[in-house]
Amino acid sequence: MNLFTETNLSPDILKAIGEMGYESPTEIQKQTIPFILSDIRDLIALAQTGTGKTAAFSLPILDMIDDTSRKIQLLVLCPTRELCLQIAKDIKNYSKYMKDIKTTAVYGGSSIMEQIRSLKDKPQIIVGTPGRVIDLINRKALDFSAIHWLVLDEADEMLSMGFKDELETILSETPETKQTFLFSATMNKEVERISKNYLTKPHRISVGSINEVKKNISHEYYVVGYRQKKEALKRLIDANPNQYSIIFCRTRMETQEVADFLMQNGYAADALHGDLSQAQRDTVMKKFRLKNIDILVATDVAARGLDVNSLTHVIHYSLPDDPEVFVHRSGRTGRAGKDGISMALIKPEESRKLKQIKSATKIEINEKIIPTGDEIIKAQVGGVFEKLLTEHEDIFTFDDKLIPDLSNFTKEELVHQLLQFQLKDLALYYKDKHDLAEQKFNSRDDDYSRRDRGRDRDRGRDRDRGERGDRGRDRGGKPRRKNENMVRFFFNLGKKDQLKKLDVLDIINKATAGGGGKKRAEIGDIEILEKFSFFEIEKSFKGELLNNISSMKFRGKDMRAEEAN
Ligand code: AMP
């Protein structure tokens with residue numbers, strides 16, 4: 001079966017997927033479509049995100065669903081609101097020409113009353129997150145008596161997010177005659193247990209699993225002491241200009257810390273993790289999709305809801321425990337026929353863990369040395385030209401007469417001047433910096449002090465608490481580490497004034513520039529909201545900032561800052 005037309009799917013479905021550009025089924029679809037169309041057994045499919053899972057189960061089900069009945073026949077459970085919306089959207093697209101088929105998404109973080117109202121449409125298909133489905137069951141808003149198919153999508157994720165009890169309740173609330181399909185990227189003990197208890201003699205399919213590592217991704221690792229990790233990360237980013245990347249961390253706290261570090265250093269970066277409210281996560285994901293930021297620092301779970309195909313790099317800031325998670329993370333790059341690079345920062349004492357990952361995944365991961373300042377500048381020069389020569393949009397026109405007479409300069413001199421201008425800050429930063437590689441071996445043992453170990457243990461605990469990025473629990477905004485030396489300001493401008501993080505950095509720098517040569521104010525969190533913003537700076541610069549900012553303008557608008565409560 002190499003083309004969809006060779007399947008027995010109905011013309012309405014073929015027409016819809018044809019319009020979406022699907023011609024041939026993906027590997028998982030080749031295996032599941034004929035199985036679901038002809039078999040009554042349960043199914044366990046090992047498949048990762050991006051393999052075409054949604055179509056794999058929904059196309060054959062749509063083919064068989066009874067559109068004359070107005071009862072729920074298919075229930076899809078998935079871990080996050082983003083995935084839920086994505087799956088519902090895909091199914092609606094596939095059933096575009098099946099006018100009697102209705103699909104409804106139900107998830108936390110959104111009005112339950114509105115969702116109850118939308119259920120009055122009598123959808124045959126429900127896509128939901130476990131917590132919200134339970135809430136709706138408790139309110140007697142869902143009738144599962146006619147369920148024919150139950151899909152557990154990303155079962156491993158649902159379990160690691162702590163939805164075990166909810167899944168078991170839902171599984172026992174649905175008719176025994178249903179057919180259950182369990183999709184999971186990894187097969188761990190918990191998934192195994194759920195399948196043993198709730199699936200009957202399941203057929204097993206495995207696609208894109210650990211042995212099918214993508215060939216177009218090159219894997220690198222860099223050994224670096226704990227205390228140099230952030231500096232090493234900065235160097236990796238600087239040495240790979242024009243990147244669009246996800247940096248994976250293990251805990252929410254680490255994620256926020258790394259993102260704060262990058263933002264403070266002027267990168268267009270942000271954090272995505274389960275401590276953010278749903279609205280904050282939506283905003284970050286939107287910014288990343290639109291490329292308003294090009295670096296996303298994320299936990300494994302939070303990054304799941306994000307569907308982007310053009311990542312140039314994946315950076316493992318911390319190694320995951322599970323080798324399959326390493327494959328999964330790395331597989332976020334190198335999509336859609338492009339090449340990708342996966343870079344891992346390894347603490348000296350993690351070499352055994354790296355060995356395990358290498359042997360379990362059979363991936364060749366090559367050691368590289370953290371780039372030196374010179375190498376970084378060289379890469380940046382290349383990056384400038386790459387951008388100059390590949391991105392030529394004529395956004396505005398200008399009169400050639402505006403260009404001064406440059407005949408005294410050679411072409412090389414001009415290019416040289418332009419590069420100096422463009423890369424000045426970076427070159428100054430790396431001017432007197434030691435190479436990290438020189439310090440690497442000194443740091444093997446003594447760098448990872450007892451204090452750091454204790455800190456890592458705490459982080460482990462933080463991780464173990466698990467992420468439940470759903471269920472509409474208001475966490476009351478971002479809990480951040482409180483830094484006694486910083487002061488937080490309310491600022492009267494926001495997104496509606498086209499204010500960007502870089503503008504805020506610039507404004508703060510200008511407002512605190514003071515007597516030349518003085519040290520610069522440390523800048524903390526910057527949060528730009530629709531109508532206003534917040535930023536943090538070092539306390540000792542408070543007076544100077546308040547004095548100066550009121551006489552400054554941004555795009556012709558007056559600026560006003562006051563200490564936030
Ligand atoms: P999924 O694993 O379901 O998230 O799908 C990953 C991406 O592949 C989605 O953007 C789908 O729209 C797309 N896709 C799924 N099946 C096919 C197919 N047979 N041909 C082309 N694109 C597909």
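Start at 1 and go down the list; that is how both ligands and their atoms are numbered.
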Going by heavy atoms, is Ala56 under 4.0 Å from ligand 1? no
Distance check, rounded to the nearest 0.5 Å: Arg250 atom CZ versus Asp321 atom CG? 4.0 Å
Ignoring hydrogens and angles, state whether a donor on the side chain of Asp143 or Ser145 is under 3.5 Å from an acceptor on the partner side chain. yes
Looking only at side chains, do Thr333 and His313 share a donor and an acceptor under 3.5 Å apart? no
Could you find the nearest protein heavy atom to atom 16 (N) of ligand 1 and give me its residue, atom name and distance? Gln29 NE2, 2.8 Å
Heavy-atom protein neighbour under 4.0 angstrom from atom 9 (C) of ligand 1: no
Under the 4.0 Å line, does any protein heavy atom show up next to atom 13 (C) of ligand 1? yes
Does NZ in Lys99 sit with more than 12 non-hydrogen atoms of other residues, nucleotides or ligands closer than 6.0 Å? no
In the complex you have, is atom 19 (N) of ligand 1 within reach of the protein, judged by whether a heavy-atom distance drops under 4.0 Å? yes
Given Thr104, Ile72, Ile87, Ile65, the one that forms side chain to side chain contact (heavy atoms under 4.5 Å, CB included) with Ile125: Ile65
Examine Tyr22 against ligand 1 and note whether any of their N/O atoms are separated by less than 3.5 Å. yes
Quiz question: by atom type and distance under 3.5 Å, do the side chains of Thr251 and His273 form a donor-acceptor pair? no
Distance from atom 6 (C) of ligand 1 to nearest protein heavy atom, with residue and atom: Gly50 CA, 3.7 Å
Test your reading of the structure: does Glu23 have an N or O sitting under 3.5 Å from an N or O of ligand 1? no
Do Asp275 and Gln256 pair up side chain to side chain, a donor and an acceptor below 3.5 Å, judged on atom types alone? no
Any nitrogen or oxygen of Gly52 lying under 3.5 Å from a nitrogen or oxygen in ligand 1? Just yes or no. yes
Checking a contact table here: which protein heavy atom is nearest atom 3 (O) of ligand 1, and how many Å away? Thr54 OG1, 2.8 Å
Checking side-chain polar atoms at under 3.5 Å, does Glu257 have a donor or acceptor matched by the opposite partner on Tyr317? no
Region of Ser24 engaging ligand 1 - heavy atom pairs below 4.0 Å: backbone
What atoms of ligand 1 come within less than 4.0 Å of a heavy atom belonging to Phe4? 19 (N)
